[in-house]
Amino acid sequence: MTPLNRRLFLKQLGLGAAGLTLVTAPSFNAPGWAAPTRSAKLPRSLPALQGVASEGVLNFVNAVEKADLNLHSLMVVRHGQVVAEGWWAPYAPELKHTLYSLSKSFTSTAVGMAVAEGKLTVNDKVVSFFKNDLPATVSENLAAMRVQDLLTMSTGHDKEPTSMMRNDGNTNWVKAFLAHPVEHKPGTHFVYNSGATYMLSAIVQHLTGQTVLAYLKPRLFVPLGIEGADWEVDPNGINTGGWGLRVRTEDIAKFGQLYLQKGMWNGKRLLSEAWITEATSMHIMQPGDESKRSSSDWLQGYGYQFWRCRHDAYRGDGAFGQYCVVLPKEDAVVAITSESSNLPAILNAVWDHILPAFQGTGLSAEKTASASLTQKLKSLALPLPKVESTSPKMAAISGKTFHFADNSMKASSASLTFGKDGCIFKLRDDSGDHQVNAGISRWIESETTFPTKPLKLVPTPVPGETKSRVAASGTWQDANTFMMTWRFIETAHYETVTCRFGADDTMAVELESSVAKLSKTKDKRPVLEGKLGAEVGMKKS
């Protein structure tokens with residue numbers, strides 16, 4: 001997703017341009033690479049054995065850290081073997097991660113499988129599937145719109161319809177999409193279009209009676225050993241299609257490897273080779289500055305929910321830097337999760353460092369570089385917020401309840417309870433009590449019932465999900481200010497929560513989402529003003 005389209009996507013979603021367990025860095029043990037621990041895992045190998053220079057991968061890691069690109073994970077696969085993998089703690093191998101628009105490539109795959117089963121063709125007209133949801137007048141352009149036009153983001157819309165589909169209490173997104181003006185002849189005009197991908201999901205569900213997630217499970221997820229995937233849904237239980245899928249980093253790499261292998265997996269064909277060729281070829285070129293095409297990975301053409309890249313590569317691509325990069329010439333896949341505002345910088349670092357590593361550049365110094373890479377990947381961690389571990393204020397406020405004045409968040413009270421090297425933050429609102437456990441200058445993992453927005457940018461639910469996994473750490477900025485970082489480790493995002501204590505038994509709680517921080521905008525939530533003792537401005541029962 002281009003930086004511009006990422007901002008557009010977030011705007012369309014209604015946003016601005018938004019027992020205690022110690023979590024340690026994941027293990028990266030080189031001697032264990034040779035054999036997978038279970039059949040569902042990709043095989044492991046040393047970089048040099050697959051013709052990969054460790055120095056290039058190490059330089060990539062150092063470069064993205066120096067540029068503060070906030071990567072969460074990296075997996076590099078060559079010749080079907082994982083040659084490098086790492087997670088920046090508190091992110092970890094077993095955790096799912098929000099994919100955002102990388103979900104689109106999975107939706108496209110479901111369509112390809114349905115085509116192979118004879119359920120539809122890419123030339124079928126979109127209106128043919130939803131005759132009960134058509135507008136009173138079907139325009140010529142709407143009537144002409146094909147499944148292929150949904151796949152290639154060339155529906156004919158002048159403006160992307162997702163925001164309109166989700167606004168004003170709409171519960172029938174299909175009907176809203178079909179009512180949106182189609183100003184251009186389909187197939188001729190590229191507009192990045194998450195609504196189009198949603199329609200692909202709706203078509204699969206219409207034809208199969210299953211959500212895309214359920215449809216893919218026996219056809220893709222089970223064969224690849226992808227377990228525990230979940231996907232957000234619309235008000236009618238249709239997977240959102242264009243966003244909302246969560247899988248693990250290795251699952252992203254497996255998905256890319258399936259495409260690299262032209263649809264074959266363990267000797268069995270899962271996806272048509274012809275479909276993969278079609279899906280990853282350029283069907284339409286994005287509008288843009290011709291002088292920048294040679295240097296931009298967002299001006300190389302678009303396939304069936306896949307972006308073409310420089311260096312004859314292609315990728316699935318999600319907001320904030322969720323990448324599945326497939327390099328056929330190098331027989332390689334690079335999987336990345338992150339929360340970054342500089343998406344081109346991540347891909348530039350891949351081309352500058354990992355691509356030369358595939359070409360053997362630096363293999364002469366492999367022994368030293370391999371040891372350095374191994375050590376680096378073992379110790380990956382996001383910086384901990386750390387100033388002071390204690391404050392004279394702790395004893396006075398620990399376990400005490402501060403009552404808030406009326407506020408738009410409908411929060412009524414909060415408390416902080418401190419232990420030896422951790423604390424518990426509790427907040428009560430109109431839906432009940434919510435809690436986060438935080439370490440003092442260390443990460444502690446727990447589950448929380450804090451509302452999913454803004455933790456997940458889109459207020460579309462995952463069926464059955466009531467809690468979010470969070471790793472939290474806190475520190476005293478000064479004697480009266482306690483700041484916590486809450487990383488919602490199965491999303492891309494985090495919260496900074498600052499509690500300021502006054503001399504007059506008051507507490508102010510300020511929340512800032514990482515999206516607001518990245519976009520340098522003010523978080524729209526109010527500062528919660530609280531006071532010890534009697535309720536402040538709250539209606540008593």
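The first residue in the sequence is number 1, and the count goes up from there.
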Looking at [X] and [Y], what are the two nearest heavy atoms and their distance?
X: E447; Y: K467; answer: OE1-CD, 3.5 Å
X: V325; Y: R315; answer: CA-CB, 4.0 Å
X: V77; Y: A253; answer: CG2-CB, 4.0 Å
X: C423; Y: M484; answer: SG-SD, 4.4 Å
X: K456; Y: T491; answer: CG-CG2, 3.9 Å
X: V83; Y: Q50; answer: CG1-CG, 3.6 Å

Query - Y302: side chain to side chain donor-acceptor pair (under 3.5 Å) partners, not counting sequence neighbours - result: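 So Y302 forms no side chain to side chain donor-acceptor pair (under 3.5 Å) with any residue.
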Does a salt bridge link [X] with [Y], judged by any charged N lying under 4.0 Å from a carboxylate O?
X: R44; Y: E250; value: yes
X: D230; Y: K96; value: yes
X: K376; Y: E65; value: yes
X: E495; Y: R525; value: yes

[X] [atom1] to [Y] [atom2] distance, which is reported to the nearest 0.5 Å:
X: L69; Y: L343; atom1: CG; atom2: CG; answer: 9.5 Å
X: S473; Y: M483; atom1: OG; atom2: CE; answer: 8.0 Å
X: T240; Y: K104; atom1: OG1; atom2: NZ; answer: 9.0 Å
X: I276; Y: S281; atom1: CD1; atom2: OG; answer: 11.0 Å
X: D317; Y: L99; atom1: CG; atom2: CG; answer: 11.5 Å

May I ask you to check whether [X] and [Y] place their ring centers less than 6.0 Å from one another?
X: F450; Y: F488; value: no
X: H311; Y: W351; value: yes
X: W486; Y: Y494; value: no
X: H493; Y: Y100; value: yes

Query raised in the report: Is the NZ atom of K217 crowded by more than 12 outside heavy atoms at less than 6.0 Å?
Result: no
Requested in this report: Determine yes or no for a side-chain-to-main-chain donor-acceptor pair under 3.5 angstrom, with E85 supplying the side chain and L74 the backbone.
Outcome: no
Quick one, [X] and [Y] - any side-chain contact, counting heavy atoms below 4.5 Å?
X: Q286; Y: R308; answer: no
X: L260; Y: Q257; answer: yes
X: T197; Y: L150; answer: no
X: I346; Y: L71; answer: yes
X: Y215; Y: V111; answer: no

Query raised in the report: Is NZ or CZ of R469 both nearer than 6.0 Å to the six-membered ring centre of W443 and within 45° of the ring axis?
Result: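 Judged by the rule, R469 and W443 form no cation-pi pair.
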Tabulate below the donor-acceptor pairs under 3.5 Å that side-chain atoms of residues 352-367 make, not counting sequence neighbours, or state none.
from, atom 1, to, atom 2, distance (Å)
T361, OG1, P356, O, 3.4
E366, OE1, S54, N, 3.0
E366, OE2, S54, OG, 2.4

Report task. Step by step, work out the salt bridge (Lys or Arg N to Asp or Glu O under 4.0 Å) result for R487 and E445. Result -> CA-CA 9 Å; R487 286 197 170 268; E445 185 178 323; over 6 Å; no
Requested in this report: Any chance you could lay out the side-chain contact (heavy atoms from CB on, under 4.5 Å) test for W231 and S201, step after step, and finish with the verdict?
Outcome: CA-CA 11 Å; W231 207 319; S201 174; over 6 Å; no
Query - Test side-chain hydrogen bond (donor to acceptor under 3.5 Å, both in side chains) applied to T152 and H283, step by step - result: CA-CA 7 Å; T152 58; H283 287 270; over 6 Å; no
Query raised in the report: For Y198, which of T162, T107, N239, D234 qualifies under side chain to side chain donor-acceptor pair (under 3.5 Å)?
Result: D234
Requested in this report: Over 60° means perpendicular and under 30° means parallel, so classify the ring planes of W307 and F190, tilted if in between.
Outcome: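 Plane angle over 60°, so perpendicular.
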Requested in this report: Start with the C-alpha distance between V470 and L455, add both sets of side-chain angles, then the distance that settles side-chain contact (heavy atoms from CB on, under 4.5 Å), and finish with yes or no.
Outcome: CA-CA 10 Å; V470 59; L455 318 181; over 6 Å; no
